[in-house]
Every structure is written in structure tokens, then in C-alpha cells.
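So the structure is just underneath, and the comments pick up after that.
From a predicted model like this one, the values you see are computed outputs, not experimental measurements.
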Amino acid sequence: MSNPAPPPRSLAEALRARDDASLAALLRSRPDLITPVPTDLTQLATRAGTRASVLRALERLDLFVLQTAQALAVAADPASYDELLGLLAGDAGDRAVVAALPDALAALREQALLWGGDDRLRLVRTAREVLAPTPQHPSPTGLGPTVQEATAGMSPGRIQEIVTAAGLSSTHDSVSAAAALSALFTDRGRMAALLAGAPAESREVLTRLVWGPPYGQVTPEPAAHLRWLLDRGLLLPTAPGTVVLPREVALHLREGRAHRAPEAVPPPVATAATHPAQIVDATAAGQAYTALATVEELLKEWDEGGPTVLRAGGLSVRDLKRTAVALDVSEPVAAFWVELAYAAGLLASDGEADERYAATPAYDAWLELPPAERWARLAEAWLTATRTAGLVGGRDTKDRTLAALGPGLDRSVAPEVRHRVLGLLAALPEGAAPDLGSVLARLRWERPLRGPVATPVGGPAHEGGRPRDGDEDLRSRIARWTPTEAELLGVTGRGALSAHGRALLGASAPAASAASAPAPGGGRRTGGGPADGPGDKLPAHHRRRPPAPRVPLSPAERVAASAAAAGLLAPLLPEPLDHVLLQADLTAVAPGPLERPLAETLGVLADVESKGGATVYRFTPASVRRALDAGRTAADLHAFLTAHSRTPVPQPLAYLIDDVARKHGRLRVGAASAYVRCDDDTLLNEILADRRSAALRLRRLAPTVLAAQADPAALLAGLRAMGYAPAAESAEGDVLIARAHAHRTPPRAAPEPVPDGPPTPDATLLSAAIRAIRAGDLAATTPRKPASVPAPAGDLPRTSSAETLATMQAAVLTGEALWIGYVNPEGAASQRVIAPIRVEGGFVTAYDHTADEVRTYPLHRVTGVAELADD
């Protein structure tokens, strides 16, 4: 029977005992550990214990796992499983804590924040230092220092006085006296007897301090009830005028609990309303169509060049207001649409001297896609974007206003929060709309250190490397914005996640039960705690930990998810129509979405009067003249309306077109500064006699020509304001056709999201990294035969050239592996384990166990060689 493996003596040994799947889970959850790839497992363990890496790992723990780590930080080092369970479950034993603790320890082990068996649980030293209570950074547990820590600077005589007053025998030194006092405070029976004799005022003081903060102020001459506590060590002085409640006393008063309320079970997401799934999908599809129309309208508004770019970057407040008016939405909603078009790569600055915003060439390609695919592009851009439109109008750290499309809007945590909020919606039954308060509570439970409670760990709370933007933490603010933005975009309908929204996340139908949810990071119960107990009688959803936030989809998975979402949405979108209904009041009603050629032509010929399920267009003299300026003739317009109207063309509309066409082009405007010419001199006399023409400063050059001191554009606008219909002409006398000019930027890529730390490694990188770490660890830990001249510890082996060559040639014959030192052409030294295959021409060809491949090395770069031990 084989002996059991000895317990690990360090984190490096604990990592060495892991299999490849466990190491891959660690590196996937903490990608900073392989940037760059460690040379061996000892270096990996060292990197896992650095303060920056530990703080980042702590930020990704849920509340109960964090509470478990905090309890370990105030327990003995090392602590036993039973001691930790007592700190979390209390003397009475909390069944939910009993059930959840094994998974919490598994999560800490997986994150390499905890190592050791259940009889010797050890937090990584840096994590213990960060989470242990200090006067500068009190622990969320509210506990103070131990008796041993609080009495470290106390005089021996004073400690003996406290021991005597507490009813204990005096000891020969301060250390044993402090130990005796600590033993008294941890003995439930003797401690109860001691407190039974305490004055009521003294017990009230202890009650005020028991849940923290444990520090209080006393005068140089304390009152009698305070003196009673000080004399017996129930309060210990830490500085002049300051006393502290020892940790052992607080734990007795708390009945053994380190936390007032251990939260082993995540708060459930409550349902605010439930709607039929068909209604949710139909509502979301209608909003998705509106989203497409809004983005098209925005970019059509900026088709000839949008607003100018501010010197500091972004859109001015005035231009944002104008955009909001043009889209008939509020300014925050307008900022959302502008940022969405930018994130999707449909909008950018043109980069010219007079820099303006305009559509990109990608917008034209986007317009050619089917509507469902266009929506999927927008939704995918929103889901993965780090730019956060909700911040527009706020202030940055330098008290500057954050502008739409400007710098400072990237928040690396935004994609994770959006995914998680929608993931919580996906876990609800179909058609269920969540209560927002319960969603926020769940998010705070899942990432407590990324909210306001992060301050005790690392000082002022930061989010994604940036300071928080207000009193409410950034994650909660983004979580509040996410349902609104999802509804605007059509991902949700009536607050519930739609079928195409669920497909966009790569999620399946709602889980039947949370009982099968994996532990955070894939951790499962791995040792620790009894196999059965009161916790096993809990309902299933209390015995399992909730699923961790979904890992972002890979590029291939995102493409598949977008295609699936588009496929589900396509049947729900209305089919474009090829007709309108003309009304006698000079309006046209489009009972649904129009085909693009029809919509574009009608948009030139008429003005949009109202939007909604049916769009109403109004024909005016100005709109008809706009169509004529674009090169259409009256006959063209009559034919167009006849072909696309399900009702006869009303007589008033036909008269309007003919009347405007009859007047159109009778006056000709060109550059003199400008001139007006007309074959009808009576009409020119009429213009000269009109008082409104005074600002144009007209004078007659000939019976049929007037000259003006205004430029042609101002002259055209002035005459049209007077009710005429002039046409511009070229220097050759030809009528200029004012076709719409689509201004486009040079090719622009969509903005890259700002990563929230190092990117998650893919399977290929993980496999290569683990193979390299294992090989490096083999080279560093393989036993070697003692050399004739031993090298100092940590140095490369040193042998002469002749000895190196002879050892290599012998290894080729015997097939043995060797340990070598090697210096590459850049001067970097490394140690490797190789199995020589061939030695010739000054080179050795060998299978390199470190690189897991056959390589060739110049012998002159080998510093030395050593044979491996036989075992």
C-alpha cells in the first residue's frame, strides 16, 4: 500500500501537485500570471503572491468567498477547517454556511489564494496582510487585534495586574500572561462567568463595540464601569486615550461569528412582471426596427458632413441638443445612439483640417445587409463596447465635462456588467422582467470589492483603473443603464429578455434549476468538511453556488451567436412596403417600413411630419422644389407617385407639383457677385418693387438681368424666402442640379474596447504556457548527480569544453537525459533538460524537455552539463 502524499509546504508545492486542467483554470481566471509566461512553478507561485495580482484576484471573488478569506485572515495561521467553520457559522451553526463553505474553499484554492490541507489552511501571505484588520484599514469583520497583538507593547507589570484582576494566576513572563488571558477569553464557560459579574454599564460598552469599529476613546481618569473593563483586559489600551476590544472577547460576544451576517446564499433576482413570450419578442422586434431607423436617420442627418469635432475631441453640447431635436429624443438617448453608431464603426471623424463627423464607408456596406443582420451588428457592438454613453454630461477627475464621442468614456468593466445583467435576465423564466433593485443587490454580492466596500482593502475604490464617477459605484450605474439601453436596442421587450437577445448572449433556454450551477471558476467540493451533515438537508439551490459571470465568447462563438440572433429576429421584423397612401390634404401615409429606394425618393419629395407605426409625409412647395433641384421633372414626379400609391394621386398634389415646376427655373442665378436673369421682365420688375429684396441690393443691368451684391447662395435663399422658385446655373448657363452629396470619411476601424486587465488566454496559449511551465519546473527540480566542482545554488552548471563534449557523446549512446546551462545569442541564460540525439560539427541535436521539441544547440553556448540522478 503506497504512502499518502505529504502535505504541501508552500504554494509552489501545492501548484506542483495540480493537474493541467487545474492549472489552466488558474491561468484563465488570473491571466496576469502568464504575462509573460513564468519559467517554472516556483516563479508562478511568486507572481501569484504579489500584491497587485492578489488585489486583482480578490476583486473577482463573490461576497461569501470573500467573507471566507476575511475569516481566514483573522484566524490562526494555519487554521483548521473546523476553526474556520466556527468563525463563519457561529456556535449555533448556520446550515447555509455549512453547505457553502467547501465550495468557497475550492474557489480560493483554484485562485491560488489558499493552499494546504483542511487541517492546515493557509491564505497566501499577501492576501492575509491585505485582509487582516489594522488601525488604518479596519477589516469588514469589525474585529480588532488579538490579545497577543494588543499587549505587545504593554509593560510586564501592567499585564500581570490584568491577569490577577481577571482571576488568573500570575505568570513569570508577559508572553505566558497574554496566552493565559487569551485562553480565558476563548473559554466559553469561564468567559460567561467573568461577564456575569460585569456592571450593566460595562456590558453596554461591550455591546457598542462588539460589531465594530472596535476602537473607543477614554479619558485619563476613566469612569468606574470603564475601569472595570480595563482592569480585566476586556478593553486594552493601544495609544494614549484609545482602547480596543480584543478579538477573542468580540468573538465570544458574537457567539463565535466573524461576520454579523454571513451571506452564503446569493440574493435571488425577483420578478417584477411576467409577460407572454410572444408579446416580449414582438415588442423587442418592433423596438429593434425603430433602432435601425434611428441610426439611419442619424447618419442621414449627417450625410453631407455632421457637426465639427471639438478641439478636445467629441461633440459639443449644442450639437448634441440639435441631434436630439432631429431624432425627437432626449439628449441622453441621443448620446446613446451617437455612441452606438461610433462603436459599430458606422461613424467617425473625417480627419480633415475642418474636422467633422460623418458616416464611414462601412455604413454603406451595413445598409446593404438584411435588417436582422444590421441589428445584430449594432447589438454586438453595444454588448462588447467599453465606451459608456451614460457618462455623457458628467465630469471627469479634472472636473471637465464628458462629451459624446469624446475621450474619457471608456470603462473597461462595462462589457462584463452588461453581460452579467443580461445573464441574470436569461436565468429567469421566459417573459419575466426583473426587479432592478434585486439585480443590483445580486451584482453587489457577486463583486463586492468593485463597489463601495472596496475601500478597506486597497484605499479609495477604483473601477477598471479609474476613479469612481460619483457616490454610487460605477458597476451599479452601468447596471442601471443596461436595461434601458437593452430596451432601446430591442434586446429586451417590456423589460424581459427576448429570444433573439438570449441567442445574442449565446445562452440557451432558462435553466430549470440552479442546482446544477457550477462553482465559481468551475470549483467543486474538493475535500474539506464532513461529507454529510445538516447542510445536506437544505434545498438544492442552497447547496450549490451560483454560476460565475459568463466568460466572454470567443470570436467564432460571437459570430455564431450573432447569426442565431439575426435568424430569430428576421421573421419578426415587418416586410418593407413598395407603396404609400396619398391623402387629399397633401400628405402620404406609409403604413409600415418602406423599401429603401422608395423611402429615399419620398424623403426628398416630402417632409416627414410624424413617425411611429405609420410614417406621415407632407408635400410642400419647398419639398417639391427640392425634388426638382435634384434633377427630377414634373413628369417624373407624377409617374413616381402614380406607381407607388395605392390611392389615386389627389388633384391638389398634382396641382402643387405642376405649379412649382412651372415657376422652377424661370429665374436664373449665377455669379457676378450674383445675378438674376429672366425672360419675363415683368417678373423682374415685381422683384425690384418688393421691399423684401432690399437686403439683396439688386439693380437692373438689362431688361432681363438683375445684378446683386450678395453671393449666389444667399441670393437663392433670399428669393426663395420671398416665394419665388429660382434655379442656380453654371458659368455656361446650364441649370445646376442640387443632388444630395454623401460625405464619407476615409476607411475607419471601429474603436477597440479597452480591456479590463490582460486578455483571457485562449486554449492554444494555455496549452503552450502550461507545457513550458512544466518543462521549466522539471529542469529546475530534477535531481542531479553531484559535480566534481559543485556550482553555487541557483547558478548554471560549469564544465570544460572537453568534459561537456564527452558527456554529450556518452548520453547519445546511453539515451540518458542531461541538465545543461545555455546562453542564447541575446545573452539570456537558462537551464534545460535535454536528451541528446546527435553530436557533430560543433552542434548537439537533442530533444528539449523544457520546450517539448527537438532543437539544435551550438556547443560553444553550453556553459556546462550535469548528469541527472538515477531516481
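Going from atom CG of Leu44 over to atom CZ of Arg18 covers 9.0 Å, rounded to the nearest 0.5 Å. Note that CG of Leu66 and CG of Leu61 are 6.0 Å apart. Values are rounded to the nearest 0.5 Å. If you take CG on Leu88 and CG on Leu72, they are separated by 7.5 Å, rounding to the nearest 0.5 Å. Rounding to the nearest 0.5 Å places CG of Leu449 at 9.0 Å from CG of Leu55. Between the CH2 atom in Trp445 and the CG atom in Leu440 there is a gap of 16.0 Å [rounded to 0.5 Å]. Rounded to the nearest 0.5 angstrom, Leu23 CG and Asp19 CG are separated by 7.5 Å.
Using modelled atom types, one side-chain atom of Glu83 and one backbone atom of Ala76 make a donor-acceptor pair closer than 3.5 Å. Between the side chain of Gln160 and the backbone N or O of Thr171, at least one donor-acceptor pair lies under 3.5 Å. Judged purely by atom type and a 3.5 angstrom limit, Gln67 uses its side chain to pair as donor or acceptor with the backbone of Glu263. Checking side-chain atoms of Arg232 against main-chain N and O of Ala166 turns up no donor-acceptor pair under 3.5 Å. Of the possible donor and acceptor atoms, none in the side chain of Arg227 sits under 3.5 Å from a partner among the backbone N and O of Pro222. Thr126 places no side-chain N or O within 3.5 Å of a backbone atom of Arg51 that could act as its donor or acceptor partner. In this structure, Arg120 contributes its side chain and Arg9 its backbone to no donor-acceptor pair below 3.5 Å. A donor-acceptor pair is defined here as one N or O able to donate and one able to accept, closer than 3.5 Å; no such pair exists between the side chain of Thr151 and the backbone of Met154.
The two residues Leu11 and Ala45 come nearest to each other via the heavy atoms CD2-O, 3.9 Å. Annotation for Gly233 and Pro246: closest pair O-CG, 3.6 Å, computed over non-hydrogen atoms. When every heavy atom of Leu15 is checked against every heavy atom of Ala112, the shortest pair comes out as CD2-CB, 4.4 Å. Nearest heavy-atom pair across Tyr81 and Val98 is OH-O, 4.4 Å. Closest approach of Val244 to Pro145, counting heavy atoms only: CG2-CD, 3.5 Å. When every heavy atom of Arg47 is checked against every heavy atom of Asp32, the shortest pair comes out as CD-O, 3.9 Å.
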Q. Can you list the steps and then say if Leu195 with Leu253 is a side-chain contact (heavy atoms from CB on, under 4.5 Å)?
A. CA-CA 10 Å; Leu195 292 176; Leu253 297 172; 3.7 Å; yes
Q.
Is there a side-chain contact (heavy atoms from CB on, under 4.5 Å) between Asp103 and Phe64? Walk through the geometry before answering.
A. CA-CA 10 Å; Asp103 281 345; Phe64 183 65; over 6 Å; no
**Q.** Ser29 and Gln111: CA distance, side-chain angles, deciding distance, side-chain contact (heavy atoms from CB on, under 4.5 Å) verdict
**A.** CA-CA 7 Å; Ser29 61; Gln111 295 284 317; 3.1 Å; yes
Q: Test side chain to side chain donor-acceptor pair (under 3.5 Å) on Arg30 and Ser53 and set out the steps.
A: CA-CA 8 Å; Arg30 297 178 65 178; Ser53 183; 2.7 Å; yes
Q: Test side-chain contact (heavy atoms from CB on, under 4.5 Å) on Arg254 and Leu143 and set out the steps.
A: CA-CA 10 Å; Arg254 297 177 177 194; Leu143 293 171; 3.5 Å; yes
Q: Please test Thr42 against Arg16 for side chain to side chain donor-acceptor pair (under 3.5 Å), starting from the C-alpha separation and ending with a verdict.
A: CA-CA 9 Å; Thr42 301; Arg16 202 164 280 126; 3.3 Å; yes
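His252 is listed as a side-chain neighbour of Arg188, based on a closest heavy-atom distance under 4.5 Å. In this structure the side chain of Val205 reaches within 4.5 angstrom of the side chain of Leu235, judged on heavy atoms. In this structure, Leu121 and Leu108 have side chains that are not in contact, with every pair of non-hydrogen atoms separated by 4.5 Å or more. Side-chain contact between Thr134 and Pro138 is absent, with no heavy-atom pair separated by less than 4.5 Å. Within the 4.5 Å cutoff, the side chain of Arg774 has heavy atoms near those of the Leu41 side chain. Side-chain contact check for Pro214 versus Leu209: every heavy-atom pair is 4.5 Å or farther apart. Side-chain contact between Leu234 and Phe185: present, with at least one pair of heavy atoms (C-beta onward) separated by less than 4.5 Å.
Sequence neighbours left out, not one pair with a member in residues 191-202 passes side chain to side chain donor-acceptor pair (under 3.5 Å). Within the structure, salt bridge (charged side-chain N to carboxylate O under 4.0 Å, His left out) pairs that include any residue of residues 237-249 comprise Glu149-Arg247 (at least two apart or interchain).
Salt-bridge formation is not detected for the pair Asp77/Arg125: no Lys NZ or Arg NE/NH1/NH2 atom is positioned less than 4.0 Å from an Asp or Glu carboxylate oxygen. Using a 4.0 Å cut-off between charged side-chain N and carboxylate O, Asp62 and Arg444 make no salt bridge. The pair Arg475-Glu416 meets the salt-bridge criterion, since a charged nitrogen lies less than 4.0 angstrom from a carboxylate oxygen. Ion pair Asp94/Arg257 not flagged as a salt bridge, since none of the NZ, NE, NH1 or NH2 atoms sits closer than 4.0 Å to an Asp/Glu carboxylate oxygen. Between Arg109 and Asp118, at least one side-chain nitrogen of the basic residue sits less than 4.0 Å from a carboxylate oxygen of the acidic one, meeting the salt-bridge criterion. The residues Arg158 and Glu161 are annotated as salt-bridged, a charged nitrogen and a carboxylate oxygen being separated by less than 4.0 angstrom.
Checked options Ile159, Leu230, Ile162; the residue passing with Leu236 is Ile162 (criterion: side chain to side chain contact (heavy atoms under 4.5 Å, CB included)).
The number of heavy atoms from other shown groups lying within 6.0 Å of CD (Glu129) is above 12.
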